[in-house]
Amino acid sequence: QVQLVESGGGLVQLGESLRRSCTTSGFTFSNFVMSWYRQAPGKERELVAFISRGGDTNYTDSVKGRFSISRDNAKNTVYLQMNSLKPEDTAAYYCNANGREWKGRTLVPKVLWGQGTQVTVPS
């Protein structure tokens with residue numbers, strides 16, 4: 001059974017830090033690009049950061065220098081370290097897995113989502 005279980009959300013004060021984690025099962029984690037998305041009320045879901053299978057990372061401009069994504073393939077877990085949090089970081093954050101897996105002799109694309117967890121930074 002495929003699962004992406006997120007933890008680490010909550011209410012934090014301006015300038016504080018938070019570490020999100022997304023522990024997965026049911027697919028070959030190391031074969032997937034892992035990402036964090038967020039969606040604020042009334043806005044579209046946006047890509048915050050992603051990490052490739054080889055560990056290369058990329059960030060949206062608004063979080064560069066403050067957020068850091070990492071992965072532990074031995075634990076099937078991806079992390080998002082969020083520092084210097086601002087009110088504009090308030091959103092529901094979602095873990096995402098994007099890759100392909102063999103089904104018989106066919107490589108089948110898969111896009112998987114975590115349940116989403118709220119992060120709130122009051123102004």
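Here, residue 1 is the first one in the sequence, and each next residue gets the next number.
- Closest non-hydrogen pair, S35 versus F50, comes out as OG-CB, 3.1 Å.
- When atom types are taken as modelled, the side chain of T90 and the backbone of E88 share no donor-acceptor pair closer than 3.5 angstrom.
- When all heavy atoms are compared, the tightest approach of N73 to F29 is OD1-CE2, 3.1 Å.
- Separation of atoms OG (S21) and CG (D72) is listed at 11.0 Å; rounding is to 0.5 Å.
- In this structure, R19 satisfies the cation-pi test against Y79, with its NZ or CZ atom closer than 6.0 Å to the six-membered ring centre and inside 45 degrees of the ring normal.
- A pairwise comparison of heavy atoms in S84 and S17 identifies N-OG, 4.2 Å as the closest pair.
- Note: T57 OG1 to F67 CZ = 14.0 Å, rounded to the nearest 0.5 Å.
- Looking at T24 and N76, their side chains never bring a donor and an acceptor atom within 3.5 Å of each other.
- Note that the CZ atom of F32 and the CG atom of L4 stand 9.5 Å from one another [nearest 0.5 Å].
- Annotation for L14 and P87: closest pair CD1-CD, 3.5 Å, computed over non-hydrogen atoms.
- Side-chain heavy atoms closer than 4.5 Å link hydrophobic residues (I, L, V, M, F, W, Y) into clusters, and following such links, even through other members, never connects F27 to L107.
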Check step by step if side chain to side chain contact (heavy atoms under 4.5 Å, CB included) holds for T120 and V12.
-> CA-CA 6 Å; T120 301; V12 294; over 6 Å; no
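- No side-chain donor-acceptor contact under 3.5 Å links R71 and T77.
- In this structure, CE on M82 lies 7.0 Å from CZ on R20, to the nearest 0.5 angstrom.
- Two different hydrophobic clusters hold Y59 and V33 under the rule that ILVMFWY side chains link at heavy-atom gaps under 4.5 Å.
- Between T28 and E101, the side chains place a donor N or O and an acceptor N or O closer than 3.5 Å (distance only, hydrogens not considered).
- Atom OG of S30 sits about 8.5 Å away from atom CZ of R53, to the nearest 0.5 Å.
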Let me see the working for N96 and L112 under side chain to side chain contact (heavy atoms under 4.5 Å, CB included), right down to the final yes or no.
-> CA-CA 6 Å; N96 171 274; L112 308 168; over 6 Å; no
Check the pair L80, Y93 against side chain to side chain contact (heavy atoms under 4.5 Å, CB included), reporting the backbone distance first and the verdict last.
-> CA-CA 10 Å; L80 184 68; Y93 284 72; 4.3 Å; yes
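- Geometrically, R45 engages Y94 in a cation-pi contact defined by less than 6.0 Å to the ring centre and at most 45° from the axis.
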Step-by-step side chain to side chain contact (heavy atoms under 4.5 Å, CB included) determination, E46 to R38 = CA-CA 5 Å; E46 67 165 343; R38 68 185 179 186; 2.7 Å; yes
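- For T117 against G9, the heavy-atom pair with the smallest separation is CG2-CA, 3.7 Å.
- The main-chain N or O of A92 is never found under 3.5 Å from a side-chain atom of Y37 such that the two would form a donor-acceptor pair.
- With hydrogens and angles disregarded, a donor-acceptor distance shorter than 3.5 Å links the side chain of E6 to the backbone of C95.
- Rounding to the nearest 0.5 Å gives a distance of 12.0 Å between CE of M34 and OG of S52.
- Ionic pairing of K86 and D89 is not present here: no N-O contact between side-chain nitrogen and carboxylate oxygen is shorter than 4.0 angstrom.
- Smallest separation of non-hydrogen atoms from W36 and I69: CD1-CD1, 3.6 Å.
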